[in-house]
**Student:** 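The structure is given below, and queries will be raised subsequently.
These numbers come from the heavy atoms of this one structure, side chains and all, not from hydrogens, waters or symmetry mates. This one's a predicted model, so the numbers in the text were calculated from it and none came from an experiment. Letters go in sequence order (proteins before strands), and every chain restarts at 1.
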Amino acid sequence: MSFTRKLLAWYKRNGRDLPWRDTRNPYAILVSEVMLQQTQVSRVLEYYPRFMTRFPTIAALARARPKAVMEQWEGLGYYARARNLHLLAKRVAETGNQIPDDPEELRTLPGIGRYTAGAVACFAYEKPVPAVDTNVQRVLTRAFAPKDVWALATKLTPRVGERAWRFNQALMELGALVCTARKPKCPECPVRSDCLTGRSVVQIRSRRSAHPR
DNA sequence: TTCCAGGAAC
DNA sequence: GTTCCTGGAA
């Protein structure tokens, strides 16, 4: 079985039910992706529903006062994200409230970098484009040690949008739940047999001393 | 108590 | 390459 098939089979059983995985609303996806930048899922779950209730549409966000937006963001950190999101909403509101579906266009918007552009294009519009965040970067680097992670991700991304959506979600989920930064759970990894790191005989556990204390 | 994880802007 | 923030791991 291929890497992708194993990954998708694993995701089907182990993927978490998250509010932004139930929707293709571009605004909802956008808000979740910006919140998820540098921020754990558990943390975002405390803010995302409230934010969406307070600002249900991009037009509502565009109309809001900066103070009201910052209040909703209070405690999430990296406040430039909130300022950029608000700015983005105002800019999009001027052009008919349409969030672009093209990664190149998305990247011209404030606070949208390479990753978030790919994520919105794929998760909202089911475009077959890669979305390499730190999780995906780590998974692909450990598995295949590529020279260029984005190039590899482009090759691996399924051509059918709906499948690309699941592939990208699954790669990130694997990075979040199994191929973690500190202690990867290789024994429970669905793609261990395809992975350079997972296949290596000696598993590097820790670089700490063998005799703490 | 320190250290680390995590995208975009500069 | 550094800065921006916070929670949680070590």
**Student:** Show, in sequence, the C-alpha distance, side-chain angles and deciding distance for A:L140 and A:L156, and conclude whether the side-chain contact (heavy atoms from CB on, under 4.5 Å) test is met.
**Tutor:** CA-CA 10 Å; A:L140 294 182; A:L156 292 176; 3.8 Å; yes

**Student:** Counting the atoms with a prime plus P, OP1 and OP2 as sugar-phosphate, which does A:T39 contact under 4.0 Å by heavy atoms, base, sugar-phosphate, or nothing?
**Tutor:**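 Nothing, no heavy atom under 4.0 Å.
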
**Student:** Using a 4.0 Å heavy-atom cut-off, does A:R138 contact any base of the nucleic acid, only the sugar-phosphate backbone, or nothing at all?
**Tutor:** sugar-phosphate

**Student:** Consider the side chain of A:R182, meaning its heavy atoms from C-beta on, and name the nucleotide among B:dA8, B:dA5, B:dC4 that approaches it most closely.
**Tutor:** B:dC4

**Student:** Side chain of A:N84: nearest nucleotide among C:dG8, B:dG6, B:dA9?
**Tutor:**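 When the side chain of A:N84 is considered, B:dA9 is the closest of C:dG8, B:dG6, B:dA9.
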
**Student:** Among side-chain atoms of A:N84 and A:R81, is any donor-acceptor pair under 3.5 angstrom?
**Tutor:** no

**Student:** With DNA chain B as reference, determine whether A:I112 or A:N135 sits nearer its 5' end, using the nearest nucleotide of each.
**Tutor:** A:N135

**Student:** Could you tell me how far apart A:M35 (CE) and C:dC5 (C1') are, to the nearest whole angstrom?
**Tutor:**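 Whole-Å distance recorded here is 15 Å.
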
**Student:** Verify the ring-centre separation between A:W20 and A:F123: is it less than 6.0 angstrom?
**Tutor:**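 Judged by ring-centre distance (under 6.0 Å), A:F123 and A:W20 do not meet the cut-off.
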
**Student:** For a quick check under 3.5 Å, do A:Y115 and A:E33 share a side-chain donor-acceptor pair by atom type?
**Tutor:**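 The criterion, which ignores hydrogens and geometry beyond distance, is satisfied for A:E33 and A:Y115.
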
**Student:** How many whole angstroms separate atom CD of A:Q37 from atom P of B:dG7?
**Tutor:** 7 Å

**Student:** Of all the nucleotides listed (B:dG6, C:dC5, C:dG8), which has the minimum atom distance to the side chain of A:Y79?
**Tutor:** C:dC5

**Student:** How long is the line joining CZ of A:R83 and C1' of B:dA9, in whole Å?
**Tutor:** 12 Å

**Student:** To the nearest Å, how far apart are A:R107 CZ and B:dG7 C1'?
**Tutor:**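 Computing the A:R107:CZ to B:dG7:C1' distance gives 11 Å.
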
**Student:** If you look at every strand shown and take non-hydrogen atoms under 4.0 Å, does A:R43 touch a base, only sugar-phosphate, or nothing?
**Tutor:** sugar-phosphate

**Student:** Side chain of A:Q38, base of B:dG7: donor and acceptor closer than 3.5 Å?
**Tutor:** yes

**Student:** Just checking A:Y115: base, sugar-phosphate only, or nothing, at a heavy-atom cut-off of under 4.0 Å?
**Tutor:**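 Sugar-phosphate, no base atom in range.
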
**Student:** Take A:W10 and A:L177 through the side-chain contact (heavy atoms from CB on, under 4.5 Å) test and state the conclusion after the steps.
**Tutor:** CA-CA 11 Å; A:W10 172 85; A:L177 301 182; 4.3 Å; yes

**Student:** Assign A:S42 to base, sugar-phosphate, or nothing according to its heavy-atom contacts below 4.0 angstrom with the strands shown.
**Tutor:**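 No contact at all - A:S42 keeps every heavy atom at 4.0 Å or more from the nucleic acid.
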
